[in-house]
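Below: one structure, written as structure tokens.
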Amino acid sequence: MEIIIGIAVVLFFFSVFGLNGFGICDEWNRKTLFTMGRFSKVINPGLYFFIPIIQRVQHTIDIRINTYTVPLQRGLTRDNVPVEVDAIIFYQVNNVKSAILKVDNYHEATRLAVRSSIRDMVGKSTLDELLSERDKIGDIILQHIAEFVSQWGVLVVGVEIKDVIVAKELEDAIAREAAADREKRARIKLAEAEGLAFDAICEAANKYHQNPTALQLRSMNMLYEMCMEGKSTMIFVPTANSGTGMPGLIGIESIRDMLEQNKE
């Protein structure tokens, strides 16, 4: 009985001075236990006990994924274009001991490392790469900082480039460049179409040259199509029979000669 009373008195004394010797760790947290100032172990979720005065529970580490929105980072691209880049990073602690013993503040250290990596990547990339390959650049930044922050027990889960901002004047220049590029492609396609049309016309001319009757039939078909429209007046002028079925200057000159002979 005296022993029980003694234990109760000790526990009461400890509770009064905040030295209760036990605690509870939540599922998403990890705690660190130090004995006489030296690291002892990582406390896992659940009920834990320690020896007051000799042992202390100093840190509580949240092992869930942390989200950090990187503020705008200014820099010059490889082609000397000033830009501002912002991003989002996702990271978590995967080694509680390293996060406590190897760095003063793992949150601040990880965020500074990401900022520096983004500025470095901007300087190594062109503007076109920043605008068109955001996912690829995000993966490169992730690989660049993953090894660096791993020594602090931090795992970078992902890096996402949110936006790349350029000056308004440069936006107009980029838009004009894109429009000029589209115009160039359109002109090239038009020239290719003209070449194909020329080849087709030359081929058709050779065929008509070898078969005058076909050309005459084609001429008659064209006259028929014009007559069917009903929107114009057709006047047939006598022409010389050139064998092509198409009007020619010879017929008009013959009419002029005939008129001059009648005057005589």
Side-chain angles (χ1 to χ4, degrees), residues 28-30 32 39 42 59-192:
W28 57 86
N29 287 333
R30 298 293 184 270
T32 56
F39 177 85
V42 175
H59 304 89
T60 300
I61 306 298
D62 191 333
I63 63 170
R64 292 175 293 185
I65 294 177
N66 294 272
T67 304
Y68 173 59
T69 301
V70 182
L72 288 175
Q73 301 297 306
R74 298 180 180 179
L76 285 175
T77 63
R78 195 173 62 193
D79 46 356
N80 295 322
V81 178
V83 297
E84 294 180 337
V85 179
D86 63 346
I88 301 176
I89 66 168
F90 305 91
Y91 66 96
Q92 65 180 149
V93 175
N94 65 346
N95 189 323
V96 176
K97 181 178 179 180
S98 297
I100 294 301
L101 300 181
K102 292 187 177 182
V103 65
D104 177 50
N105 187 330
Y106 68 90
H107 285 293
E108 188 65 22
T110 301
R111 294 169 181 179
L112 289 175
V114 171
R115 294 181 192 177
S116 176
S117 180
I118 290 176
R119 288 194 297 268
D120 181 65
M121 183 54 58
V122 168
K124 293 180 179 179
S125 305
T126 64
L127 179 62
D128 291 339
E129 291 172 345
L130 288 176
L131 294 175
S132 62
E133 300 179 358
R134 296 186 185 182
D135 293 340
K136 181 179 177 180
I137 291 176
D139 293 338
I140 295 175
I141 295 175
L142 174 61
Q143 295 173 5
H144 183 265
I145 64 175
E147 183 178 357
F148 186 63
V149 301
S150 62
Q151 59 185 325
W152 306 327
V154 176
L155 172 65
V156 179
V157 179
V159 177
E160 180 181 349
I161 302 297
K162 284 179 58 180
D163 199 7
V164 178
I165 303 174
V166 298
K168 182 64 177 178
E169 298 79 8
L170 291 176
E171 288 184 359
D172 296 338
I174 293 171
R176 290 196 300 270
E177 181 181 359
D181 187 60
R182 289 193 296 269
E183 181 68 19
K184 181 183 71 174
R185 292 197 299 267
R187 290 182 180 274
I188 292 175
K189 290 294 183 181
L190 181 60
E192 292 175 353

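Computed from heavy atoms alone, side chains included, the values below leave out hydrogens, waters and symmetry copies.
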Q) Which value, rounded to the nearest 0.5 Å, describes the distance between K162 atom NZ and E160 atom CD? A) 9.0 Å

Q | V103 versus A109, closest heavy-atom pair with distance | A | CG2-CB, 3.7 Å

Q. Is a donor on one side and an acceptor on the other found under 3.5 Å between the side chain of Q151 and the backbone of F148?
A. yes

Q: Kindly compute the distance separating CG (L72) from CG (D86), expressed to the nearest 0.5 Å.
A: 5.0 Å

Q) In terms of heavy-atom contacts, does CG of D79 have more than 12 from other residues, nucleotides or ligands at under 6.0 Å? A) yes

Q | Heavy-atom side-chain contact between L155 and S150 under 4.5 Å | A | no

Q | Closest heavy-atom pair and its distance - S98, G153 | A | CB-N, 3.7 Å

Q) Looking at side-chain heavy atoms only, is the closest gap between V166 and L127 below 4.5 Å? A) yes

Q) Which distance, rounded to the nearest 0.5 Å, do you find between the OG1 of T32 and the CZ of F39? A) 6.5 Å

Q | Distance-minimising heavy-atom pair for I141 and S117 | A | CG2-OG, 3.5 Å

Q. Quick check: does any side chain N or O of E133 sit under 3.5 Å from a backbone N or O of L130, one acting as donor and the other as acceptor?
A. no

Q: Please identify each residue that fulfils ring-ring contact (aromatic ring centres under 6.0 Å, His included) with F90, with sequence neighbours left out.
A: none

Q.
Could you report the tightest heavy-atom contact between V159 and V156, atom names first, then the distance?
A. CG2-CG1, 4.0 Å

Q. Can any side-chain N or O of S125 pair as donor or acceptor with the backbone N or O of M121 at less than 3.5 Å?
A. yes

**Q.** CD1 on I161 to CG on D139, rounded to 0.5 Å
**A.** 10.0 Å

(Q) With no hydrogens and no angle check, just 3.5 Å: does a side-chain donor-acceptor pair link R111 and Y106? (A) no

Q.
I need the H144 NE2 to I118 CD1 distance, nearest 0.5 Å.
A. 11.5 Å

Q: Assess whether side chain to side chain contact (heavy atoms under 4.5 Å, CB included) is satisfied between N29 and I61, documenting all intermediate values.
A: CA-CA 5 Å; N29 287 333; I61 306 298; over 6 Å; no

(Q) Treating D163 as the side-chain partner and I165 as the backbone partner, does any N or O pair qualify as donor plus acceptor under 3.5 Å? (A) no

Q) Under a 4.5 Å cut-off applied to non-hydrogen side-chain atoms, are R78 and E129 in contact? A) yes

Q.
For Q92 versus I63, what's the shortest heavy-atom pair and its separation?
A. NE2-O, 3.0 Å

(Q) If you define the side chain from C-beta out and look only at heavy atoms, does anything of V83 sit under 4.5 Å from V85? (A) yes

Q) For atom CD of E192, is the number of surrounding heavy atoms from other residues, nucleotides or ligands below 6.0 Å larger than 12? A) yes

Q: Identify the two heavy atoms, one from N66 and one from R64, that lie closest to each other, and give their separation to 0.1 Å.
A: ND2-O, 3.2 Å

**Q.** Any side-chain heavy-atom pair of I88 and V70 under 4.5 Å
**A.** no

Q. Does the side chain of T77 reach to within under 4.5 Å of the side chain of V122, using non-hydrogen atoms?
A. yes

(Q) Side chains of R119 and Q73 only: does a donor on one sit below 3.5 Å from an acceptor on the other? (A) yes

Q.
I want to check something: taking the side chain as every heavy atom from C-beta on, are N94 and V154 in contact at a cut-off of under 4.5 Å?
A. no

Q: Only one of V114, D120, T110 passes side chain to side chain contact (heavy atoms under 4.5 Å, CB included) with I145; say which it is.
A: V114

Q) Strictly by modelled atom types, are Y68 and H107 linked by a side-chain donor-acceptor pair under 3.5 Å? A) no

